[in-house]
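Report on the structure given below.
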Amino acid sequence: MAPPLLDLHSSCLLLPRLLHRPTPSRLLLRLHLHLKPLSFSAASSSQQQAPQFPPPRLHAHGPSLRRGRRPPGCDGGPPSFARIFDLAALRVPAAACAPLERRLRGHLLNWPRVRNVVRLPGDDDDAPLSPSPPPPASPPPPTTAVARREKLARNFNARGFLQFPNLAKMSRPPPARRRRKDEAAATVRDTRDKSYVVEVIGEGKELGDEWMGLVGKEVLGRSTLRGGGPTRLLLLDQRYANRRVDELPEGVKVVFNHETNKDGPSAYELVQCQLTLFYNYWPMNEVLEALLPEGIIIPTGFETVGHIAHLNLRDEHLPYKKLIAQVVLDKNKPKIQTVVNKTGAIQNDYRTMQLEVLAGIDSLVTTAIESGLRFQVDLATVYWNSRLSTERQRLVDNVFKNSDVVCDVFSGVGPIALSAAKRVKYVYANDLNPTAVEYLERNIVLNKLEKKIEVFNMDARRFISSIYSSQHVHPVTQIVMNLPNDAAEFLDVFRGISRNNQSGLPCVMPKIHVYGFSKAEDPEYDFHERINLTLGENVTDVEMHRVRLVAPGKWMLCASFTLPESVASAKPNYIAS
């Protein structure tokens, strides 16, 4: 029997325990494989293929947590994400692998993230320590342990061992007890970050384990003993598992017929394999589907801000929030290092959100990259929404011109202001939150745009009034008001702005881009009416753009229009603070 890969007692994955550790760690799977002898009988094949799970709900083809076999000993125990699948494979010479792979493309395994060409450990180009002898004309006589040892003594004397100390260690292995412990530790290290492992059933049984004690596993590779050089495994489609050669399709059988007709032994071999898929293989949605109770909607999306994943969990998810966060963290490393959840709606003037760190690093300070610009943000004290990146790019690419002067009334940390500054003539950026203004100034320096942006920390009405009453100011041509909850209510500040013009130059009527939410059946009409009500005049030429659906029946809209001269010269109907 082949040696077990790992110890079973720690093979079953306990997510809740890992979530309570001080430092989150990668979820590891440790399993114990039992290699069974090959059998082609129909009864034995049906027993091995018997499903141990209910019929799949979402996955009809390919690998699934509901289709494979669990490792022996995990049935009825803690949840484990290792699944074993029986496959057939062609063992072929490495040189013939590439053309044969193209020839059998339709018959090879086609699973996501699993390569259909497999290299077995110790059966590679650099595995044999001595050059492989050419294929003999006749089958070589059976090799004995004494003959193998004498051959090593002739090829490598004491002087050679001094030149190759690693070879000496391999040829003089440690005691059996320590060797087994070292092999187990090495197996843990090798499989820790793997997503799958392929094993040939019955590999190494015909030679006996006592050979490994003489020269080590690397020296006693299968390819060296067979005399055919390094080989590869071509994994066949799952339909061909546990089949004989005569039961394979014609496209595969013709390969064997071609090799059999040649003189000498065939270099091709049909073998039975076990493909073990580990936790690292399964996508996030399948893992969560297996962990969460039946009937709960699987959370599949989240917003990414730098190294932070921002979740918006439903009430039904809250009892399992740390479990969900740990899976999100594991499946998106190393990019994601922190997972947070919004605990309440935005209810303050600074638009900051209450966030709870569920997994990973506690820091909410990160660096987001958008449109080639870097933005430092602190999600605990400033507002950032990565889902609006497409809308911000639409303004910069399709609306703004090189000669424009842009006024960003609610700039935040500067995603619109900085993107516009790379294209337009000048930018005025304002925000009420002093922390956001501090990060805005950092980001301006970080992206080397100090000469094209002027920063303000004011109330929106006072800011617009000061812009139009200043004597030394570029005439504003584009105004962005991206505060969907309240931006439309600030439009009354534009009534009478031309009366405050002290520059002596004609007042240019700016194009205003105001954002808002609407739950109405006709959101464009509803938002248009609110704009007319605030301005106190009917604005006819308004371009409406649906930005995104933020909730069922709730749209975020962008209304773009040129400020009417009648509004700019009208009597103000607001009290400036």
Side-chain angles (χ1 to χ4, degrees), residues 13 15 18-29 63 65 81 111-115 189-196 277-292 298-313 317 320-343 352-353 355-393 412-415 418-419 439 442-443 446-447 548:
L13 180 62
L15 285 176
L18 290 177
L19 292 173
H20 289 84
R21 291 182 178 179
T23 303
S25 59
R26 182 183 298 272
L27 301 179
L28 306 178
L29 286 172
L65 282 169
F81 292 97
W111 283 1
R113 301 178 302 281
V114 175
R115 300 188 61 180
R189 290 192 298 270
D190 292 342
T191 60
R192 177 169 298 174
D193 296 325
K194 287 185 178 179
S195 58
Y196 66 93
L277 302 179
F278 299 98
Y279 171 80
N280 289 340
Y281 173 83
W282 305 109
M284 183 180 71
N285 60 324
E286 279 210 52
V287 174
L288 291 177
E289 182 182 347
L291 289 174
L292 298 180
I298 306 301
T300 57
F302 53 86
E303 179 184 353
T304 302
V305 184
H307 72 275
I308 301 174
H310 179 198
L311 304 177
N312 285 323
L313 298 179
H317 298 145
Y320 315 98
K321 59 184 180 181
K322 290 190 176 293
L323 184 66
I324 296 172
Q326 186 66 41
V327 175
V328 171
L329 185 67
D330 290 329
K331 292 304 175 180
N332 295 276
K333 282 185 176 180
K335 180 179 180 180
I336 298 300
Q337 301 179 18
T338 302
V339 182
V340 300
N341 180 47
K342 184 171 68 173
T343 59
T352 57
M353 294 177 289
L355 301 175
E356 178 187 7
V357 178
L358 301 179
I361 306 173
D362 290 338
S363 175
L364 295 181
V365 178
T366 186
T367 300
I369 300 177
E370 182 177 301
S371 302
L373 298 171
R374 291 183 295 168
F375 299 90
Q376 291 185 357
V377 297
D378 182 1
L379 295 186
T381 57
V382 301
Y383 176 81
W384 179 273
N385 192 338
S386 299
R387 293 188 175 96
L388 296 179
S389 60
T390 303
E391 172 62 15
R392 293 190 279 259
Q393 199 62 36
V413 298
L418 271 67
S419 299
Y439 276 97
R442 291 186 190 178
N443 295 329
L446 185 64
N447 293 279
R548 69 187 187 99

Side-chain (N447) to main-chain (L373) donor-acceptor, under 3.5 angstrom:
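No: the side chain of N447 does not pair with the backbone of L373.
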Whether R113 engages the ring of Y196 as a cation-pi pair (distance to the six-membered ring centre under 6.0 angstrom, angle to the ring normal within 45°) should be assessed.
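No, R113 does not lie over the aromatic ring of Y196.
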Given the ring of Y279, does K331 sit roughly above its face, with NZ or CZ under 6.0 Å from the centre of the six-membered ring and within 45° of the axis?
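That pair qualifies as a cation-pi contact.
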Using every non-hydrogen atom in the two residues, find where [X] and [Y] come nearest and quote the distance to one decimal.
X: T300; Y: N285; answer: CG2-CB, 4.4 Å
X: H307; Y: V365; answer: CE1-O, 3.3 Å
X: I336; Y: G306; answer: CD1-O, 4.4 Å
X: L65; Y: A290; answer: CD1-CB, 3.9 Å
X: G301; Y: L311; answer: O-CD2, 4.4 Å
X: A309; Y: V328; answer: CB-CG1, 4.2 Å

What I'd like to find out is whether the side chain of [X] reaches to under 4.5 Å of the side chain of [Y], using heavy atoms alone.
X: D330; Y: N280; answer: no
X: S195; Y: F278; answer: no
X: V413; Y: Y383; answer: no

Enter the distance from E286:CD to L291:CG here, rounded to the nearest 0.5 Å.
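Those atoms lie 11.5 Å apart.
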Nearest 0.5 Å please: distance from the CD1 atom of I324 over to the CE atom of M284.
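Taking CD1 in I324 and CE in M284, the distance rounds to 9.5 Å.
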Who pairs with R442 by salt bridge (Lys or Arg N to Asp or Glu O under 4.0 Å), at least two apart in sequence or on another chain?
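If we apply the salt bridge (Lys or Arg N to Asp or Glu O under 4.0 Å) test to R442, skipping adjacent residues, the hits are E438.
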Check ring-ring contact (aromatic ring centres under 6.0 Å, His included) between F375 and all other residues, then give those that pass, not counting sequence neighbours.
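F375 satisfies ring-ring contact (aromatic ring centres under 6.0 Å, His included) with W384 once adjacent residues are dropped.
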Yes or no on side chain to side chain contact (heavy atoms under 4.5 Å, CB included) for L277 and F81, after CA distance, side-chain angles and deciding distance?
CA-CA 8 Å; L277 302 179; F81 292 97; over 6 Å; no
Run the numbers on Y439 and L446 for side chain to side chain contact (heavy atoms under 4.5 Å, CB included), then give the verdict.
CA-CA 10 Å; Y439 276 97; L446 185 64; over 6 Å; no
Quick one: list whatever passes side chain to side chain contact (heavy atoms under 4.5 Å, CB included) with H310, sequence neighbours left out.
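Listed in chain order: E303, N312, V340, K342, M353, L355.
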Any residue meeting side chain to side chain donor-acceptor pair (under 3.5 Å) with D378, in chain and number order, not counting sequence neighbours
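Side chain to side chain donor-acceptor pair (under 3.5 Å) check on D378 returns T381.
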I'd like to check the side chain to side chain donor-acceptor pair (under 3.5 Å) partners of N332; sequence neighbours left out, ordered by chain and number.
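With neighbours one apart ignored, the set is empty.
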Do any pairs count as a salt bridge (Lys or Arg N to Asp or Glu O under 4.0 Å) and have a residue in residues 355-377, sequence neighbours left out, and if so which ones?
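Applying salt bridge (Lys or Arg N to Asp or Glu O under 4.0 Å) to every pair that reaches into residues 355-377, excluding sequence neighbours, yields K321-E356, E370-R392.
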Counting only heavy atoms not in R115, do more than 12 fall under 6.0 Å of its CZ?
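No, CZ of R115 has 12 or fewer neighbouring heavy atoms, counting only those of other groups under 6.0 Å.
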For I308, the option from V339, V357, T366 that meets side chain to side chain contact (heavy atoms under 4.5 Å, CB included):
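It is T366, the one option of V339, V357, T366 that forms the side chain to side chain contact (heavy atoms under 4.5 Å, CB included) with I308.
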